[in-house]
Amino acid sequence: MYPKIPLAQSIIEIFRAKGIDTIVISPGSRNAPLTIGFSNNSAFKCYSIADERSAGFFALGMAQQLQKPVALVCTSGSALLNYYPAFAEAFYNQIPLIVVSADRPLDKIDIGDGQTIRQQYVFSNHSIFNANLHENAGDENDILINEAINLSISKKGPVHINVPFEEPLYEIVDELSIEPKIISYTQSKPILNDLSIYAHFWNQSQKKLILIGGLEPNSIEQSFLDALGMDESVVVMTEVTSNVHHPNFITNIDTIITPFTEKEFSDYQPDLLITFGGMIVSKRIKSYLRKYKSIQHWHIDELRAYDTFGSLTKHFVVAPNYFFQQFFPQTISVESDYQSKLLKIRSDREKKHQTYMEAIPFSDLKAFDVILPTISTHFDLQISNSSPIRYAQLFTINSKVSVFCNRGTSGIDGSTSTAIGAAVASQKPTIFITGDIGFLYDSNALWNNYIPKEFKIILINNGGGGIFRILPGHQESPTFNTFFETSHCLTAEHLAKMYQLDYVIASNEKSLKRGLKHLYNQNDKPCILEVFTPTLENDKILLDYFKALV
């Protein structure tokens, strides 16, 4: 069963030929030709998500796991604008996403027709490519569709295909009336110019800092990580989203550097900073490296480099594996105590961390101390932005647990939808840790018929945006409580009931341990474990934590 409109047929057939087989559709009328074509073709797996903002993040989570483009299809008008948060996240997090928006023909725009906005180039600030199709443009449309798909794959980002349809929209035919043009994409070979000058600087540097942002699991060859971990002149700092591991890597950056004196900051200032991976969570390491700049900063990434620390001197436009394969044979060992000194500090901090954790009352920090060690290698771990990802950074998570977070734009707006989309696409069951504001903000994520029965949510409810309490200038006042913290007395109980999720609560360490046991044993339906922590005590416990590390 095909839509009668040739342009819709072309899109569907080109997608099929290029292996774009996962389609997330939001109901509407103007996109009916695409909905009919995709949903009646066995080559595609289609999902219906009513809320376009949630649909965007759901597709993002799927693309994150599948590592290939997922398509979004919506009707005309404001529906398209609701994709923008996920679209921007895909751009900054380098996740392939294809938005296909149905539109009115150009002569119907800006004449007062319903559900019409200026859809062309609406995502231009964050789009890898914009394909504005035209009725009866034939091969020209096919070329644009091919280019959009090819660029989404090769540049790992979001593209927008805007498609005008004239009524009637629901007519179907038994045979195709077109033979679409299929344009293959050839990946160019990476190019590295003479590395000798950079190897010389490496070989002369006694203090080399490698800072690794978010990465897909298993994306860096372990032999290269081992070489870095065993080099005494190299300190490797990773984040919870880095998904790389070695016994000599420093995984809890804030725990290490927050108590530094000015002398220590200066002593550990690197000669050479090398970065790769996605956005950095730690505000403290960014502040440190902006003040104590390295002599050289190299960033390794196939697509782009951000001058995050104001010291970028070289962008190697290749994948890290290829870079290290070519670079390491030109390097030599350098005598240095750079790594050993920081590992000694790490050991000291770990003891003080443990002592503090054993002494504190139940709180956000204590909840993470209890929760994180219980997550087994059986699960993928998705973490919401704001407080949850920052608390998680203070702990060591099992090295075989893959960790994900929307750190492209670092927003809370679609974390639950992303986690559910990822859970649908992942080969492993998923646990999602979130805060109350992010969970409530994205509650339409639960309006979803595809949530796996093994999906588990751990919801830390501290009654508001607790992260604002640790920021400079916080003062208890009606303005703060209403407009910054957004204090509330809401829970997830009725949402869980409405969407038929299992629900259990915890409010102290004993009930949390009991709730976790229930959570892990519940595999007949998705489950929410809501953990209530004290609003007014959390910030002091966290701030005192860093003082206790000195």
Side-chain angles (χ1 to χ4, degrees), residues 22 24 45 47 49 54-55 57-68 70 95 214-219 240-243 245 367-368 370-385 388-389 391-392 395-407 414-435 438-439 442-443 445-460 492 495-496 499-506 512-531:
T22 305
V24 178
K45 177 67 174 175
Y47 300 84
I49 305 292
S54 181
F57 282 105
F58 178 81
L60 181 93
M62 298 189 80
Q64 173 202 90
Q65 295 295 313
L66 297 172
Q67 287 295 288
K68 70 175 190 177
V70 170
I95 294 176
L215 286 170
E216 291 299 317
N218 305 311
S219 58
V240 71
T241 56
S242 299
N243 290 305
H245 303 280
F368 277 87
V370 173
I371 292 164
L372 292 177
T374 70
I375 299 175
S376 76
T377 58
H378 181 59
F379 293 98
D380 281 343
L381 175 59
Q382 295 275 340
I383 305 178
S384 174
N385 273 306
I389 189 62
Y391 274 112
F395 298 88
T396 300
I397 296 174
N398 189 312
S399 63
K400 291 187 170 53
V401 174
S402 299
V403 183
F404 305 89
C405 180
N406 284 350
R407 290 307 297 179
S415 294
T416 311
S417 296
T418 301
I420 293 172
V424 171
S426 178
Q427 299 299 309
K428 298 168 72 174
T430 297
I431 291 180
F432 174 52
I433 301 177
T434 184
F439 176 81
D442 192 25
S443 61
L446 303 179
W447 184 12
N448 185 310
N449 294 324
Y450 312 102
I451 305 176
K453 62 183 181 180
E454 304 92 351
F455 184 68
K456 305 178 190 307
I457 298 174
I458 300 175
L459 167 58
I460 311 295
L495 284 169
Y499 291 114
Q500 301 179 40
L501 276 63
D502 191 30
Y503 177 75
V504 62
I505 65 171
L512 175 55
K513 290 178 178 178
R514 187 169 59 246
L516 286 167
K517 184 176 180 180
H518 175 92
L519 184 80
Y520 295 133
N521 288 333
Q522 171 58 277
N523 294 308
D524 295 326
K525 59 164 60 174
C527 183
I528 298 175
L529 167 58
E530 187 163 19
V531 184

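- Checked against Lys456 for a side-chain hydrogen bond (donor to acceptor under 3.5 Å, both in side chains), the options Asp502, Thr430, Asn523 give a single hit: Asn523.
- In this structure, Val531 and Phe368 have side chains that are not in contact, with every pair of non-hydrogen atoms separated by 4.5 Å or more.
- The minimum heavy-atom distance between Leu372 and Ala392, with the atom names listed, is CD1-CA, 4.1 Å.
- A 6.0 Å sphere centred on CG of Asn218 holds no more than 12 heavy atoms belonging to other residues, nucleotides or ligands.
- Heavy-atom minimum distance, Thr416 versus Gly438: OG1-O, 4.4 Å.
- Side-chain contact between Gln522 and Asp524: present, with at least one pair of heavy atoms (C-beta onward) separated by less than 4.5 Å.
- Under the 4.5 Å side-chain criterion, counting only non-hydrogen atoms from C-beta, Ile420 is not in contact with Phe432.
- Minimum heavy-atom separation, Ser54 to Ala445: OG-CA, 3.5 Å.
- We find the NZ-CD distance between Lys428 and Gln65 to be 9.5 Å, quoted to the nearest 0.5 Å.
- Contact of the Asp442 side chain with the Thr434 side chain is not registered, since no non-hydrogen atoms from C-beta on lie closer than 4.5 Å.
- Considering CG of Leu512 and CG of Leu529, their distance stands at 6.0 Å, rounded to 0.5 Å.
- For the residue pair Asn398/Thr377, the side-chain donor-acceptor check at 3.5 Å is not satisfied.
- Checked against ring-ring contact (aromatic ring centres under 6.0 Å, His included), Tyr520 has the following partners two or more places apart in sequence or in another chain: Phe379.
- A heavy-atom distance below 4.5 Å is found between the side chains of Thr241 and Ile389.
- Considering all non-hydrogen atoms of both residues, Ile460 and Ala367 come closest at CD1-CB, 4.4 Å.
- A heavy-atom distance below 4.5 Å is not found between the side chains of Asn448 and Tyr47.
- The only member of Leu495, Ile528, Leu459 that meets side chain to side chain contact (heavy atoms under 4.5 Å, CB included) when paired with Tyr503 is Ile528.
- Proximity of Asn406 to Phe57: side-chain heavy atoms (C-beta onward) are separated by under 4.5 Å at one or more points.
- Summarising the geometry, atom CD belonging to Glu454 is positioned 7.0 Å from atom NE2 belonging to His378; distances are rounded to the nearest 0.5 Å.
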How far apart are the C-alpha atoms of Leu501 and Lys525, what are their side-chain angles, what is the distance that settles it, and do they pass the side-chain contact (heavy atoms from CB on, under 4.5 Å) test? CA-CA 6 Å; Leu501 276 63; Lys525 59 164 60 174; 5.7 Å; no
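- A side chain to side chain contact (heavy atoms under 4.5 Å, CB included) with Ile397 is found for one member of Ile375, Asn243, Leu381 and no other, namely Leu381.
- To the nearest 0.5 angstrom, Ser426 atom OG is 11.0 Å from Phe455 atom CZ.
- Nearest heavy-atom pair across Cys405 and Ile383 is SG-O, 3.2 Å.
- Thr374 OG1 to Lys513 NZ: the interatomic distance, rounded to the nearest 0.5 Å, is 10.5 Å.
- Gln64 and Glu216 make their closest contact through O-OE1, 3.6 Å (heavy atoms, listed as atom of the first residue, atom of the second, distance).
- For the atom pair CD of Glu530 and CD1 of Ile505, the computed distance is 8.0 Å after rounding to the nearest 0.5 Å.
- Residues Thr418 and Phe404 form no side-chain contact, since every pair of their non-hydrogen atoms from C-beta on lies 4.5 Å or further apart.
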